[in-house]
Amino acid sequence: MWGVIISIVMAIIIGIIGDALVGHDMPGGIIGSMIAGFIGAWLGPLIMGSWGPEIGGFAIVPAIIGTAVFVFLLGLVSKMFRRAA
């Protein structure tokens, strides 16, 4: 039970930090940040490997970088759709 709660809290924190690094507004508020944090925690170690401190099953540094990349790409895609509409 505590593992799930720690994972959710870490995903939210990682999502907020990744969003702040990129400067885009993540849609969905806290839930959007949590989803971005989970995707970044999957994407970051996939690209860079799992290194650095690990909390709640997340390699912190690659997860933050992966989240920043995901939020940046999501911002680019949303800008493309806004221009097309």
Side-chain angles (χ1 to χ4, degrees):
M1 177 69 178
W2 284 108
V4 172
I5 293 171
I6 290 172
S7 294
I8 291 171
V9 169
M10 287 306 300
I12 291 170
I13 292 169
I14 289 169
I16 290 170
I17 292 171
D19 184 34
L21 286 175
V22 175
H24 290 292
D25 286 331
M26 184 69 203
I30 296 291
I31 302 296
S33 293
M34 181 182 68
I35 293 169
F38 277 121
I39 292 173
W42 169 77
L43 183 65
L46 184 71
I47 295 171
M48 294 176 280
S50 185
W51 52 275
E54 191 170 311
I55 299 174
F58 295 104
I60 301 300
V61 176
I64 290 172
I65 295 170
T67 302
V69 168
F70 174 70
V71 172
F72 177 74
L73 292 175
L74 189 64
L76 286 178
V77 169
S78 70
K79 282 182 184 178
M80 286 174 38
F81 280 123
R82 275 189 241 140
R83 287 184 187 170

According to side chain to side chain contact (heavy atoms under 4.5 Å, CB included), who are the partners of [X], at least two apart in sequence or on a separate chain?
X	result
Ile6	Met10
Trp42	Leu46
Ile17	Ile13, Leu21, Ile64

For this session: Determine whether Ile14 and Phe38 make a side-chain contact, defined as any pair of heavy atoms from C-beta on separated by less than 4.5 Å.
Result: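 Answer no - side chains too far apart.
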Hey, can you pull the donor-acceptor pairs under 3.5 Å for the side chains in residues 47-59, sequence neighbours left out?
from, atom 1, to, atom 2, distance (Å)
Trp51, NE1, Met48, O, 3.4

Exercise. How far apart are the closest heavy atoms of Gly40 and Pro45, and which atoms are they?
Worked result: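 Closest approach of Gly40 to Pro45, heavy atoms only: O-CD, 3.9 Å.
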Exercise. If you look only at pairs with a residue in residues 59-75, which of them pass as a side chain to side chain donor-acceptor pair (under 3.5 Å), with sequence neighbours excluded?
Worked result: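 For residues 59-75, and leaving out neighbouring residues, there are no side chain to side chain donor-acceptor pair (under 3.5 Å) pairs at all.
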Side-chain donor-acceptor contacts of residues 70-79 below 3.5 Å, not counting sequence neighbours, with atom names and distances?
from, atom 1, to, atom 2, distance (Å)
Ser78, OG, Leu74, O, 3.4
Ser78, OG, Gly75, O, 2.9
Ser78, OG, Arg82, NH2, 3.3

